[in-house]
**Q** 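Input: one structure, supplied below.
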Amino acid sequence: MEWLTDPWTSEIMRRAFAEAIVMGAAAGALGCFVLLRGLAFLGESVAHTLILGVVVAFLLGGPVALGAVGAAAATVGLSSLLAADRRFSVDVSMGVLLPSFFGLGVTLIALTDGYRARLEDTLFGAILGVTDLDLGLAAFVALAAAATLLLAGKELALVAFDRPMARAMGYRVGLLDLLLFALVTLVAVVALRAVGNVLLTAMLLGPALSARLLTRTLWPMVALAGGLGTLAGVLGLYWSYSSAVGGGPAIVLVVAMLFALAAGGRAAITLVR
Amino acid sequence: MSLIPSALARVLVLGVAALALVACGDDDEAGSAATPSASPERVSVVATTMQLQDFARQVGGDRVEVTGILGPDNEPHEYEPTPSDAEALADADVVLENGANLDEWLDDLLANAGSKAKRVTAVDGIELLPTEEEGFPGDPHVWHDPDNAKRMVDNIATGLSAANSEGRTTFVRNATAYKAKLDGMAKQIRATFAPIPADRRNLITTHDAFGYFVRASDLNQVGTVLPSVSTDSEPSGRQVRELVEAIRAQDVKAIFTEEAVDASLEKQIADEAGAEVSTSLYADVLGEPGSEGETYIDAELANAKAMAAAWAGS
C-alpha cells in the first residue's frame, strides 16, 4: 500500500492533489452546464483569451494567476456587452474576442524579448509548481461554484434546458448567462495552472460527457461529472508520480480513458437490452 | 441603444495600450541592433549565439562587423527568427553557428535568405558529451568548457581567414591573444572552486546546460529541474520526487535558475527539499551590456562565483 500513501508525504504532491481535486470537481460540475447549453466553444474561447492575461502579467511582473483573472474578467465583460445586442449571440461575441485576445497575446509574446522558455507551462500547465496564490484561487472558485449551484442551480438548469420558458417565467436569462460565463472563466483560470491552455477544454467537457452517458437527470449528472473530474485529477497525479508523464497531460489522459470506459459501458448496457 | 460602439471602443483602447507596450518592449533589442557595415573592406559576420558574437569580435577585431541574432533575452532552443535576421544573413560574408542542433533554425533561415555566406560551425572538431535527448547529436552547450571555447575560437579564426585572406595574420594573432585570456579565465575558475570540498560541489540547474562546465571544473551534477538539455518540457511527479530525494541525500544547498521567468517549480522543490533558489546563471546567453555577464569570460567567471558562493556557506 506504500504506492498509495507515498505521494502524500510530499508537500509538492499534496499541493498538486489539492489543486487537481478542486479543479476536477469544479470543472466537471460546471462542464455539465456548458455541455447542456451547447457552449463547448465557450471553454475553448476562454482558454485562448487567457493567454493575453498571462503575457501581460509577465510583462508587468505580476503573478500569472492574477493576469489570467484580469483577462477572464475582460473576456466576460466584453462578451456580455457584445451579447447584450440582440443581433449577436454569445458564440459570435466569443468568435470576435477569441482571435483578438489570442492574437494580441501571441503578438506580445513575439515582440517581448524577455518572454522566453516556460511558455509550455501556459500551454500544458505546471501543476507541480502551484503557489499559495494558485491554491487560494482554486479554493475560492470551488466555493463560488458550489454556492452558485446551491442557490441558483435550478434557474441555471431551466435556462440550459428551456430558454424561452425561462424567459417567459420572468427569469433574467442574460444575468444567469453572465453568471455561468463568469464561473466557467474562473474555472478556466484555475485549470490553466493545472492542465494548461490546450488541455483545459478536455477537463471541462470530458467528465461532463462521460456523466451524460451514464445518467438520465441533471443533478446526478453534475455530481458524477464532479466526481469523475476529481478522480481523473487524483489518478493522473498518481500516474505522473510513478512515470515520466507530466502532471497536466496525465490528468487529461485519465479523463479520456474514463470517457472511453463510460462509452464502452454505455454500449454494453444498450447491447444487453 | 446599441452597446456595440462602446464595446468596440474598449477593444480599441486595449489594442492601443498593447501597441504602446509593444513599442516599449522593442526599444532595447540588443542582439540585432547593429546594422551590417557599409564599408566594403570589413568582413560582414552574422553570429547566432552571444558567445559566438563575442568570440567573433575578439578574433575579428576591426576587420569584421558582427551582427548578432540572439540577444540576452532570446532562448536559443526556442528562437523564432525574424525578417531582419534574414536580411542580415542575405548580406553576410560569414555565418557563425554553434552547431550540434542548438541553432538548427538557421538552416531554414539561410535557405530562405538566399545567403551566399561562408558557414562556420563552431563545434567542429569538439567531442560532444552524450545526451539522451532526441534529435541532438550530443550536448550542444560546449562553450562552458574553456578548452572547447579555445577550439571554437580557432574554428572562427580559420573561417574568417578563409573568407578574408588578407586578414589572416590579424585573425591568428587576435585568436592567440584571446586564447591566452581564456587560459587566464580557466585558472581563475579553478582558483574559485579550490576552497570548496568535492562533496559540496553539487550542482542543480533548471535545464541540463552545464555538462561541460561540470566536467571541466570537477563538479557533481545532481540533477536538473527540467528533464532535458532543451528548455521545453514539464517534469513528471516521479522526476520531481527523485530530484527532491537527491537534494536531500546529497545535502545540496542551492537550485540555480537560469531565467527570471516564473520559477515557482524551482521554489516548490527547494522548499520541500530544504535548499535555496539561487541567483541566475548564464546558461545559454550572456548578460545585458553593463551587467556582470556582459562578455563570455565575465559570464563564466560570474557562474563560477555564484556557485562557489552558494556552496561555501555552512
Side-chain angles (χ1 to χ4, degrees), chain A residues 6-7 10-13 15-16 52 56 58-61 63-64 74 77-78 81-82 84-85 87-88 93 96-97 100-101 104-105 107-108 110-121 124-131 134 196 237-250, chain B residues 1-4 6-8 10-11 14-15 17-19 21-26 28-31 71-80 82 206-207 225-227 230-241 244 258-269 271-273 284-285:
Chain A
D6 213 29
S10 151
E11 170 73 17
I12 293 179
M13 291 304 292
R15 283 164 167 270
L52 177 62
V56 170
F58 172 79
L59 283 176
L60 301 177
V64 167
L78 283 173
L81 271 181
L82 283 167
D85 187 308
R87 288 169 298 176
F88 299 94
S93 68
V96 174
L97 289 176
S100 314
F101 278 29
L104 202 55
T107 310
L108 281 177
L111 292 169
T112 309
D113 284 338
Y115 203 88
R116 60 192 154 110
R118 298 302 173 90
L119 184 59
E120 283 70 20
D121 283 4
F124 300 113
I127 196 165
L128 297 175
V130 292
T131 61
D134 294 321
L237 283 177
Y238 269 108
W239 184 15
S240 178
Y241 189 73
S242 57
S243 73
V245 185
Chain B
M1 266 295 281
S2 159
L3 283 161
I4 296 304
S6 81
L8 275 182
R10 280 171 204 223
V11 172
L14 256 179
L19 280 177
L21 274 173
V22 167
C24 298
D26 219 11
D28 48 3
E29 212 180 304
D73 291 324
N74 299 125
E75 181 54 53
H77 296 288
E78 297 170 31
Y79 184 67
E80 188 89 29
T82 67
T206 298
H207 81 280
V225 177
L226 302 181
S230 133
T231 43
D232 50 0
S233 48
E234 187 199 355
S236 78
R238 186 181 69 194
Q239 286 153 344
V240 167
R241 174 190 60 188
V244 168
E258 293 145 35
E259 286 104 26
V261 188
D262 183 30
S264 60
L265 182 59
E266 283 86 344
K267 283 199 201 86
Q268 297 297 334
I269 291 174
D271 280 355
E272 172 140 350
D284 291 346
V285 296

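Proteins come first, then strands; the chains are lettered A, B, ... in the order of their sequence lines, and each starts at number 1.
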**Q** Would you find a donor on one side and an acceptor on the other, under 3.5 Å apart, between the side chain of B:Gln268 and the backbone of A:Val130?
**A** yes
**Q** Minimum heavy-atom separation for B:Ser236 to A:Val245, with atom names?
**A** CB-O, 2.8 Å
**Q** I need the residue from A:Ser243, A:Ser10, A:Ser242 with the largest number of non-hydrogen atom pairs under 4.5 Å to chain B.
**A** A:Ser243
**Q** Is there a donor-acceptor pair under 3.5 Å between the side chain of A:Ser240 and the backbone N or O of B:Gly237?
**A** yes
**Q** Write down the atom of B:Gln239, the atom of A:Ala244, and the distance for their closest heavy-atom approach.
**A** NE2-CB, 3.6 Å
**Q** Run B:Lys267 and A:Thr131 through side chain to side chain contact (heavy atoms under 4.5 Å, CB included) and show every step you take.
**A** CA-CA 9 Å; B:Lys267 283 199 201 86; A:Thr131 61; over 6 Å; no
**Q** How close do A:Leu128 and B:Pro235 get, heavy atom to heavy atom, and via which atoms?
**A** CD1-O, 3.6 Å
**Q** Can any side-chain N or O of B:Glu272 pair as donor or acceptor with the backbone N or O of A:Ile12 at less than 3.5 Å?
**A** yes
**Q** Going from CD on A:Glu11 to CD1 on B:Ile269, what distance comes out if it is rounded to the nearest 0.5 angstrom?
**A** 13.0 Å
